[in-house]
Every structure is written in structure tokens, then in C-alpha cells.
Engineer: 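Attaching a single structure in C-alpha cells format; questions to follow.
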There are 2 protein chains.
Amino acid sequence: MGATKTDQFTPRQNRIAKLAKAVGHPARVAIIEHLLKVDQCICGDIVSELPLAQPTVSQHLKELKNAGLIKGEVEGNSICYCLDHEAFKALDEYFSEVVSAKTSAECC
Amino acid sequence: MGATKTDQFTPRQNRIAKLAKAVGHPARVAIIEHLLKVDQCICGDIVSELPLAQPTVSQHLKELKNAGLIKGEVEGNSICYCLDHEAFKALDEYFSEVVSAKTSAECC
DNA sequence: TTGGTATATCGTAATATTACGATATACGGT
DNA sequence: ACCGTATATCGTAATATTACGATATACCAA
């Protein structure tokens with residue numbers, strides 16, 4: 001026990017969960033924020049922006065990439081990562097749906 | 001080591017991460033979906049909708065509540081939980097911002 | 001008050017995540 | 001070829017999450 005029963009849920013549920021999970025760490029939120037701020041692909045400098053050691057940052061980047069939130073490759077002596085717009089759009093659409101489906105029932 | 005360094009990040013980063021993390025499990029996405037579908041507070045029946053045992057579902061509900069995504073209380077022999085609209089709005093706004101901040105730089 | 005039903009909590013095993021030192025890899029400059 | 005810089009991977013310790021059986025709690029109905 002302990003492992004998530006991925007196969008028991010729908011592909012959509014798993015996809016949203018995977019994307020949201022990747023956003024579910026402040027370091028990764030900070031990385032996303034930084035990618036937005038520099039308004040272009042990261043070419044170095046991520047580590048110095050975060051209060052974490054270099055291997056830890058690398059690991060977070062790997063998870064963001066694995067979840068499909070960022071894309072890019074290492075280019076020579078620096079990395080070139082940027083946000084994957086499609087993934088964020090999927091999240092945006094999901095939460096828009098939830099918000100707009102607001103029910104009239106407010107018993108709590 | 002191993003614990004998230006929460007105090008090293010901004011409150012906003014931590015808040016978004018906390019909310020997103022709570023969505024980051026397919027069982028919890030399924031619970032949210034169910035809450036939307038029944039279009040009202042849950043009055044029983046969550047366990048039978050999910051492929052998980054009752055204590056596990058209860059634990060997931062606790063986490064959703066702890067993160068602020070749902071609110072409600074136990075009422076007699078059934079629970080009365082519903083989505084906390086504000087929390088989802090916060091997520092919606094966050095991802096809208098990210099999506100709309102799409103940069104022209106697309107080097108990857 | 002006893003029994004049935006519904007949810008929560010406890011305890012705990014299996015697994016996953018987080019963090020980082022040490023080390024590997026890869027490129028650019030000299 | 002060698003060095004400095006930048007990123008990735010390995011190994012591993014600390015912690016968190018996930019899942020569920022057993023049990024507790026709370027309510028309603030008869």
C-alpha cells in the first residue's frame with residue numbers, strides 16, 4: 001500500500017492531478033514565476049534565484065519537465081527552459097470550468 | 001532533510017503551492033468532480049463513488065478541507081461538504097495570469 | 001437502549017517526495 | 001589538453017503521502 005492507484009481513475013483526472021501536483025511545491029511555483037518574469041527562456045541563473053542547492057533545483061526542473069509544464073534542453077553551458085503554454089492552458093481551462101460551474105446550492 | 005523549506009518562499013508561492021498540491025491527486029480531482037456533478041453539497045455517497053476504502057476517502061476529504069478547497073461539516077449521519085469557491089477562484093486567477101502572460105519569446 | 005449506518009481517527013506498512021553532498025558530464029575559453 | 005562554469009545524476013537521509021484494517025464516535029430509527 002501507499003502507492004497512488006492511478007489506474008482506478010480517468011485519464012483526465014490523472015492528467016489534472018499530475019499537472020497540479022507539479023505546481024504543488026513552492027520552489028516550483030517560484031521557478032514558474034521566474035520564467036514569467038524574465039519573459040524568455042532561462043539561460044542560467046535559476047539556482048541563484050532560489051534558496052535551494054543546485055541538485056535540488058535540478059530535480060525540481062526535472063519534475064516540471066516530466067509533468068509537461070516546462071520544455072527545453074540544456075544548451076552548452078546553460079539551460080534553455082521555458083513554460084509549456086499548452087499545459088498551463090489546460091490547468092486554466094480546468095479551473096475556469098470549476099469556477100464557472102458554481103452552483104446555486106450553498107448549504108455550507 | 002526532506003522537509004519542504006516553506007519559510008524560504010513567499011506567502012503567495014506557498015499558498016498557490018498548497019492549493020495546487022491538494023488538487024494533485026486523482027482521488028481528490030474525482031471528489032471535486034463529484035461535488036460539481038451533484039451540484040450541491042455532498043450528503044453521503046462519496047465513498048461509493050470512489051475506488052478507495054472509506055478511511056482513505058475520509059483522509060482525502062480532510063486534506064481538501066485543510067487546504068481550503070472544500071468546506072463543510074458532518075451533519076448527523078451524513079457529511080455536508082461543498083467546494084470553497086474562493087479557493088478555486090484563486091487558482092483560476094493564478095493560471096489565467098500565467099497563461100495571459102505568455103511571452104513572445106519561444107526559443108524552445 | 002439497542003442496532004444499523006455514516007464518518008472520523010488511530011496505527012502502521014508501503015511508497016513517494018524533498019533535499020543535498022559527492023560525483024559525473026558537457027561545453028567554452030585559454 | 002587543461003581549467004572553470006553550468007547542469008545532471010547518484011546515493012541516501014529525513015520527511016510526507018497514500019492506503020487501509022481496526023476501532024471510535026455520532027446520529028437516527030425502531
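Here is how names work: the chains are called A, B, and so on, in the same order as the sequence lines, proteins then strands, and each is numbered from 1.
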Engineer: Distance check, rounded to the nearest 0.5 Å: A:Leu69 atom CG versus A:Leu19 atom CG?
Structural biologist: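 A:Leu69 atom CG to A:Leu19 atom CG measures 5.5 Å (nearest 0.5 Å).
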Engineer: Heavy atoms only: give me the nearest A:Lys18-A:Asn66 pair and the separation to one decimal.
Structural biologist: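 Heavy atoms only, the tightest pair is NZ-O, 3.6 Å.
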Engineer: Measure the distance from CG on B:Asp7 to C1' on C:dA19 and round it to the nearest whole Å.
Structural biologist: 14 Å
Engineer: Could you list by number each residue of residues 49-58 of chain B showing a heavy-atom separation from DNA chain D of less than 4.0 Å, or answer none if no residue does?
Structural biologist: B:Leu52, B:Ala53, B:Pro55, B:Thr56
Engineer: For the helix from C:dT1-D:dA30 to C:dT30-D:dA1, what angle separates the axis at the start from the axis at the finish, each from five pairs, in steps of 10°?
Structural biologist: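 Roughly 20° between the end axes, to the nearest 10°.
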Engineer: Looking at every heavy atom in both B:Gly72 and B:Lys65, which two are closest together, and how far apart are they?
Structural biologist: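 Taking B:Gly72 first and B:Lys65 second, the nearest heavy atoms are O-NZ, 2.8 Å.
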Engineer: Once you round to the nearest 0.5 Å, how far does CD1 of B:Ile16 lie from CZ of B:Phe95?
Structural biologist: 7.0 Å
Engineer: What distance do B:Leu64 atom CG and B:His25 atom NE2 have between them, rounded to the nearest 0.5 Å?
Structural biologist: 10.5 Å
Engineer: Report the distance from atom CD1 of B:Ile46 to atom P of C:dT5, rounded to the nearest whole Å.
Structural biologist: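 After rounding, the reported distance stands at 19 Å.
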Engineer: For B:Lys21 and D:dA16, is the shortest distance between a side-chain N/O and OP1 or OP2 below 4.0 Å?
Structural biologist: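 No, because none of the side-chain N or O atoms of B:Lys21 sits under 4.0 Å from OP1 or OP2 of D:dA16.
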Engineer: At under 4.0 Å, does any side-chain N or O of B:His60 touch on OP1 or OP2 of D:dA19?
Structural biologist: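 Affirmative; the distance criterion is met.
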Engineer: What is the distance, to the nearest angstrom, from the CD atom on A:Glu63 to the P atom on D:dT17?
Structural biologist: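 These atoms are roughly 14 Å apart.
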Engineer: In whole Å, what is the span from the NZ atom of A:Lys18 to the C1' atom of C:dA16?
Structural biologist: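 From A:Lys18 NZ to C:dA16 C1': 15 Å.
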Engineer: Once rounded to the nearest 0.5 Å, what's the spacing between atom NZ of B:Lys89 and atom CG of B:Leu83?
Structural biologist: 14.5 Å
Engineer: Of the non-hydrogen atoms in B:Lys5 and B:Phe9, which two are nearest, and what is the gap between them?
Structural biologist: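 Residues B:Lys5 and B:Phe9, closest heavy atoms: O-CD1, 3.2 Å.
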Engineer: For B:Gln59 and for A:Thr4, locate the closest nucleotide of DNA chain C by heavy-atom distance; then report the residue assigned to the nucleotide nearer the 5' terminus.
Structural biologist: B:Gln59
Engineer: Below 4.0 angstrom from OP1 or OP2 of D:dT7, is there any side-chain N or O of A:Lys62?
Structural biologist: no
Engineer: Under a plain distance cut-off of 3.5 Å, with no hydrogens placed, do A:Asn14 and A:Thr6 share a side-chain donor-acceptor pair?
Structural biologist: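 No.
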Engineer: To the nearest Å, how far apart are B:Lys5 NZ and D:dA16 C1'?
Structural biologist: 17 Å
Engineer: Base, sugar-phosphate alone, or nothing: which one does A:Lys65 contact when heavy atoms must sit under 4.0 Å apart?
Structural biologist: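 Result for A:Lys65 = nothing.
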Engineer: Phosphate oxygens OP1/OP2 of D:dA6: is one of them under 4.0 Å from a side-chain N or O of A:Tyr81?
Structural biologist: no
Engineer: Work out which heavy atom in B:Val47 is nearest to a heavy atom in B:Gln54; give both atom names and the distance.
Structural biologist: CG2-CG, 3.9 Å
Engineer: Would you mind reading off the distance between B:Gln8 atom CD and C:dC20 atom C1', rounded to a whole angstrom?
Structural biologist: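 Going from CD in B:Gln8 over to C1' in C:dC20 covers 14 Å.
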Engineer: Could you tell me if the side chain of B:Glu49 sits less than 4.5 Å from the side chain of B:Lys37, heavy atoms only?
Structural biologist: yes
Engineer: Rounded off to whole Å, could you give me the CD1-to-P distance for the A:Ile79 and C:dC27 pair?
Structural biologist: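 After rounding, the reported distance stands at 15 Å.
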Engineer: B:His25 side chain: which of D:dA19, C:dC20, C:dA8 is closest?
Structural biologist: D:dA19
Engineer: To the nearest Å, give me how far apart CD1 (A:Ile70) and P (D:dT7) are.
Structural biologist: 12 Å
